[in-house]
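One structure is given here, and the rest of the page talks about it.
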Amino acid sequence: MTASAPDATTPDPRTPGGPAGGPEVGAAPRTASATAPAKVNVQLAVGPVRPDGYHDLANVFLAVELHDRVTVTETAGGSGGARVSCTGPGADLVPADATNLAWRAVELLAAHHGRRPDVAVHIDKDIPVAGGMAGGSADAAAALLACDALWGTATPRDELLSIAAELGSDVPFSVVGGAALGRGRGEVLTELPVSGPFHWVFALADGGLSTPKVYAECDRLRGDAAVPDPEPSPELLTALRDGDTTGLAGALANDLQDAALSLRPSLADTLAAGLAAGAPAALVSGSGPSCAFLAPDAASADRIAAALAESGTCRAARVTTGPAPGARVVSAPVRGVH
């Protein structure tokens, strides 16, 4: 991984400590909680399809201030491993089995340290489900940090990022936050300088879009045309660094947008509604179906969100800002105290 570790002046989001055992008889189970942010892809440049079926990307991520909170609670040894519950908007759409990324995160971290994954995982959702905003990846990142704090395993950051990359292309960025360039499938990160705030409105669609299907449609639409290797836009990187909303508006780009619109034509009406309401720029977020609108300021963001909500082109609109920090432990047990 090329993502840099925190320097001596940067608080480490993890809580160190010694090995954690199961709950003592008669003691209240210990818990730990962590949060992780949603993201918007301010640039998603997609290269030609690779022999393994994936695409090389230049994926510029920006974390935004919508967060899921994951709480892990120790259970008695031999309880059968991890289990998952979820509350919040869209909770009924979140899997509660081994297909859940937070569940898989617990199992991978436990295997990395040679211990049992005997924890109950509870996800408190605020990031829209199936919205192209990396909510599942955020849950995985938060679960990694929460379990690391609960178990006192103090996993080095580069090892956490390596485990995150095994879970999915967006999970390492959910750990890192801020802004970053993702190479490879998006999992090889270089953190980027970013100022702000940038004001955003997200228009949420009904249902989801299958990411593999969106990539397949992108390939179909390209046909036999030559596809250049993906590169980040220098103008976009400069705008992020300088906190330049106007410059960022002129540089937003998503190579998957045409494919998302092909599969879900109604998203074009959503994009048009936000632009008509005064957004200087709009794009489909990642593989969709959420649409992201950059706003000049907080008041403009509120007006754009109200207009989108009234337009009938989306089920809801959310206002937020970026950049946001990556996954952070927000509560942890005191080491050695039950």
Side-chain angles (χ1 to χ4, degrees), residues 2-4 37-48 55-66 131-134 137 169-170 172-174 176-203 211 214-215 218 222 227-261 267 271 274-275 278-288 290-298 300-301 304 319-326:
T2 57
S4 57
K39 59 83 181 169
V40 59
N41 303 91
V42 291
Q43 181 187 359
L44 180 50
V46 179
H55 300 71
D56 283 320
L57 305 176
N59 197 353
V60 182
F61 299 100
L62 180 70
V64 297
E65 295 283 359
L66 297 174
M133 299 175 69
S137 296
S169 299
D170 290 346
F173 178 70
S174 297
V176 170
L181 169 64
R183 295 284 200 175
R185 293 181 287 108
E187 83 284 9
V188 182
L189 296 180
T190 301
E191 295 180 62
L192 298 172
V194 58
S195 302
F198 294 102
H199 297 272
W200 294 91
V201 180
F202 289 91
T211 297
V214 174
Y215 274 96
C218 177
R222 286 172 166 178
V227 178
D229 291 333
E231 292 295 337
S233 160
E235 294 79 12
L236 183 136
L237 299 185
T238 298
L240 284 176
R241 182 196 66 200
D242 296 343
D244 177 5
T245 297
T246 301
L248 185 60
L252 294 179
N254 180 2
D255 285 355
L256 293 181
Q257 180 161 308
D258 287 347
L261 291 172
L267 295 180
L271 293 171
L275 292 170
L283 79 171
V284 173
S285 180
S287 59
S290 293
C291 294
F293 302 86
L294 187 61
D297 50 47
S300 298
I304 293 164
V319 174
T320 189
T321 60

Heavy-atom side-chain proximity of Ser300 to His199 below 4.5 angstrom
no

Given Met133 and Leu66, is the side-chain contact (heavy atoms from CB on, under 4.5 Å) satisfied, shown in steps?
CA-CA 10 Å; Met133 299 175 69; Leu66 297 174; 3.7 Å; yes

Looking only at heavy atoms, which two atoms of Leu236 and Ala251 are closest? And how far apart?
CD1-O, 3.4 Å

Return yes if some donor-acceptor pair links the side-chain N/O of Glu187 with the main-chain N/O of Phe173 below 3.5 Å, else return no.
no

Got Phe61 and Leu181 here, is their nearest side-chain heavy-atom distance under 4.5 Å?
no

Minimum side-chain heavy-atom gap Gln257-Ser287 below 4.5 Å:
no

Output for pair (Leu261 CG, Leu267 CG), nearest 0.5 Å, gives 6.0 Å

Search all heavy atoms of Gly243 against all heavy atoms of Ser195 and return the closest pair with its distance.
N-CB, 3.6 Å

Determine the minimum heavy-atom distance between Lys39 and Gly132, stating which atoms define it.
NZ-O, 3.2 Å

Leu57 versus Asp255: any side-chain heavy-atom pair under 4.5 Å?
no

Checking side-chain contact (heavy atoms from CB on, under 4.5 Å) against Leu283, which of Asn41, Leu44, Leu294, Leu252 comes through?
Leu252

Do Val64 and Thr321 have side chains that approach each other closer than 4.5 Å (heavy atoms only, starting at C-beta)?
no

Within a strict 4.5 Å, meaning less than it, do heavy atoms of the Val60 and Leu240 side chains meet?
yes

Restricting to non-hydrogen atoms, name the atom on Ser169 and the atom on Arg185 that form the minimum distance, rounded to 0.1 Å.
OG-NH1, 2.8 Å

Any non-hydrogen side-chain atom of Arg222 less than 4.5 Å from a side-chain atom of Val46?
yes

Roughly how far, to the nearest 0.5 Å, is the CG atom of Leu62 from the CG atom of Leu192?
10.0 Å

Using a 4.5 Å cut-off on heavy atoms from C-beta on, say whether the side chain of Pro296 contacts that of Pro280.
yes

Any idea which heavy atoms bring Ser285 and Phe202 closest together, and the distance?
OG-CE2, 4.3 Å

Measure the CZ-CD distance between Arg183 and Glu231 for me, rounded to the nearest 0.5 Å.
4.5 Å

How many angstroms lie between atom CZ of Phe198 and atom CH2 of Trp200, to the nearest 0.5 angstrom?
8.0 Å

What pair of heavy atoms forms the shortest contact from Asp56 to Pro230, and how long is it?
O-CG, 3.4 Å

Distance, nearest 0.5 Å, that separates CG of Asp244 from CD of Glu235
11.5 Å

Residue pair Leu256, Val284: steps toward the side-chain contact (heavy atoms from CB on, under 4.5 Å) verdict:
CA-CA 8 Å; Leu256 293 181; Val284 173; over 6 Å; no

